[in-house]
There are 2 protein chains.
Amino acid sequence: MRPSSDSGAPPSLQVLLWRRALDPHIGRWSLPGGRLRADEDVATSIRRQLAEKVDMRQLTHVEQLAVFSDPRRVPGPRVVATAFLGLVPSDVDPEVPEDTAWHPVDDLPRTAFDHESIVLGARDRLRAKLSYTNIGFALVPRDFTISLLREHYSATLGYRVSATNLQRVLSRRGLLVDTGRTAPSGRSGGRPATLYSFASHDVQITDPFAAFKPPGTGRERSS
Amino acid sequence: MRPSSDSGAPPSLQVLLWRRALDPHIGRWSLPGGRLRADEDVATSIRRQLAEKVDMRQLTHVEQLAVFSDPRRVPGPRVVATAFLGLVPSDVDPEVPEDTAWHPVDDLPRTAFDHESIVLGARDRLRAKLSYTNIGFALVPRDFTISLLREHYSATLGYRVSATNLQRVLSRRGLLVDTGRTAPSGRSGGRPATLYSFASHDVQITDPFAAFKPPGTGRERSS
DNA sequence: CCAAAAGTGTTATATATACACCCATGA
DNA sequence: TCATGGGTGTATATATAACACTTTTGG
């Protein structure tokens, strides 16, 4: 998945789908994937599939979602699938093969098998983690303006996030690093935006849940 | 897993382990489980395994955790395992077979394969969900006092939770139902404790994360 | 100098923790 | 009536949402 910034249309969260050429559900859109080899684990496998089949190598985050194992989830012999969430930053727009395309997650075409529910589950997981982890780093270029970050947060969450509060919350949590540089202002003027980057590119829980914390810690984080 | 209330020892979170009789890692403690049949999904399978092998049928919650698929995680041919978290309420103490026993999660014996990390991962998941969902219902009898609830929350989280605040937080979230009945006071007197039950026995997210909520909703929940 | 975009100051509100105090029971 | 455990009232801390206001640029 990745947040789109295609000019014109309102930005949205997109998923890369592959049009099936084989018979069960031929012609329908499906998630990229394939069989697990005996000498690889599932994470290695999904990275290999994406690289080989759709030339997708620039994943900023890969995370296991769930196992789908209903004996009737696909016609014929039962197939056990492990679903993954893989993120690609918005500035990466790789050449995708002819038979694949990015689709808005909130307006999916008819998909094969149970892939629609897998995609929606992945979206929900991503939305949740955007609130309590630093996973935003996986959606944007290394250096970015708060405006861009806001656009992609909004696209992913499905509603308009305030740039002011986004900046504040992420700063308070210590996720943002001021690079010292600025982006040039547009042709219509305006103050040049500071370029920020994320302090860490590993997923970390940055907003530990509030309730039932060990006594004495309150909700403080540092100092 | 279940929270223990064994008199004497400090209460703790326990996990049911089975002593291996077969050769790889013979004699070590391992998680109950077994092979997936062609006509069942993984959730059905784990319930069947628990019922057949350790006579454990009174699970109040079963939840998928993760797939473990490292080709070298067990000796010999690769085995892909789907780990589950299964909860048993504290008042259920089924007859477990000779070769199984409950062990404190924070003081595990030597385990087989990668089972220690699976157990610790399950514990962490349960601890997190205790904060932001109503999963506590799965740990206690249908009707319970706040004191009992506090004991099991404390055992599970690993630190002493305040009964006062536990009551308040869960009430505010609308999770607790006053049954109208009370538990008799102990031999040393004391005010009889109100018996509560959980409003729902399905896992629900009761504390949606704070940051980046749709505009206009603030953090309010009702009214 | 004006429009536009970025960023800061300030206030209101929600939720949780801490702790003092009151309540109901057995002996 | 006293010890014991159960339960409520109230103060405080902290985080976020909302919005007014200031800053910095292009034309």
Side-chain angles (χ1 to χ4, degrees), chain A residues 130-132 144-151 153-154 157 159-176 178-196 206-223, chain B residues 130-132 143-151 153-154 157 159-176 178-196 205-223:
Chain A
L130 226 36
S131 289
Y132 69 93
F144 53 86
T145 63
I146 297 296
S147 290
L148 184 80
L149 189 65
R150 178 183 79 120
E151 207 175 291
Y153 265 72
S154 299
L157 292 172
Y159 53 80
R160 192 133 279 249
V161 171
S162 142
T164 298
N165 293 332
L166 182 63
Q167 217 260 33
R168 228 136 17 213
V169 169
L170 298 188
S171 292
R172 160 177 279 281
R173 294 181 182 173
L175 306 192
L176 295 181
D178 186 332
T179 64
R181 286 170 297 127
T182 57
S185 25
R187 43 222 150 286
S188 56
R191 175 171 170 175
T194 304
L195 283 170
Y196 290 90
T206 55
D207 183 37
F209 310 120
F212 318 133
K213 310 220 47 154
T217 59
R219 228 197 167 185
E220 73 214 339
R221 272 168 237 284
S222 59
S223 99
Chain B
L130 226 36
S131 289
Y132 69 94
D143 298 334
F144 52 86
T145 64
I146 298 296
S147 290
L148 184 79
L149 189 64
R150 178 183 78 120
E151 207 175 291
Y153 265 71
S154 300
L157 292 172
Y159 53 80
R160 191 134 278 247
V161 171
S162 140
T164 297
N165 293 332
L166 182 63
Q167 217 260 34
R168 255 212 266 266
V169 169
L170 298 188
S171 292
R172 159 177 280 281
R173 295 182 182 172
L175 306 192
L176 295 182
D178 186 332
T179 64
R181 286 172 295 126
T182 57
S185 25
R187 43 219 152 286
S188 54
R191 176 173 169 175
T194 303
L195 282 169
Y196 290 90
I205 292 176
T206 56
D207 182 37
F209 310 121
F212 320 131
K213 311 223 44 153
T217 59
R219 230 197 168 189
E220 73 214 339
R221 272 168 236 286
S222 60
S223 97

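Computed from a predicted model, the values in this text were never measured in an experiment. Every chain is numbered from 1 and lettered A, B, ... according to where its sequence line falls, protein lines coming before strand lines.
- To the nearest 0.5 Å, atom CG of residue A:D178 and atom OH of residue A:Y196 are 5.0 Å apart.
- Between the CG atom in B:L166 and the CG atom in B:L176 there is a gap of 7.5 Å [rounded to 0.5 Å].
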Got a list of side-chain donor-acceptor pairs under 3.5 Å for residues 181-191 of chain B, not counting sequence neighbours?
unit_1	atom_1	unit_2	atom_2	d
B:R181	NH2	B:D143	OD2	2.7
B:S185	OG	B:G190	O	3.2

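- Pairing each heavy atom of B:V161 with each of B:R150, the nearest pair is O-CD, 2.9 Å.
- Here the C1' atom of nucleotide C:dA6 and the CD atom of A:E151 are 15 Å apart, to the nearest Å.
- A residue-by-residue look at A:L166 and A:R187 shows that A:L166 has its nearest nucleotide of DNA chain D further toward the 5' end.
- Rounded to 10°, the angle separating the first-five-pair axis and the last-five-pair axis of the helix from C:dC1-D:dG27 to C:dA27-D:dT1 equals 20°.
- In terms of the side chain to side chain donor-acceptor pair (under 3.5 Å) criterion, B:E151 has no residue partners (sequence neighbours excluded).
- Qualifying side chain to side chain donor-acceptor pair (under 3.5 Å) partners for B:S171, counting only residues two or more places apart in sequence or in other chains: B:Q167.
- Rounding to whole angstrom units, CG of residue A:D207 and P of C:dT15 are separated by 14 Å.
- Residues that satisfy the side chain to side chain contact (heavy atoms under 4.5 Å, CB included) test with B:S147, not counting sequence neighbours, are B:T145.
- Counting to the nearest Å, the P atom of D:dT24 and the CZ atom of A:R181 are 20 Å from each other.
- Using a 4.5 Å heavy-atom threshold, the side chains of B:D207 and B:V169 count as separate.
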Within the 4.0 Å limit for protein heavy atoms, which parts of nucleotides 3-10 of chain D are touched? Write it as a string from 5' to 3', B for base, S for sugar-phosphate only, - for none. -BBBSBBB
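- For the pair B:L170 CG and C:dA16 C1', the computed distance is 12 Å after rounding to whole Å.
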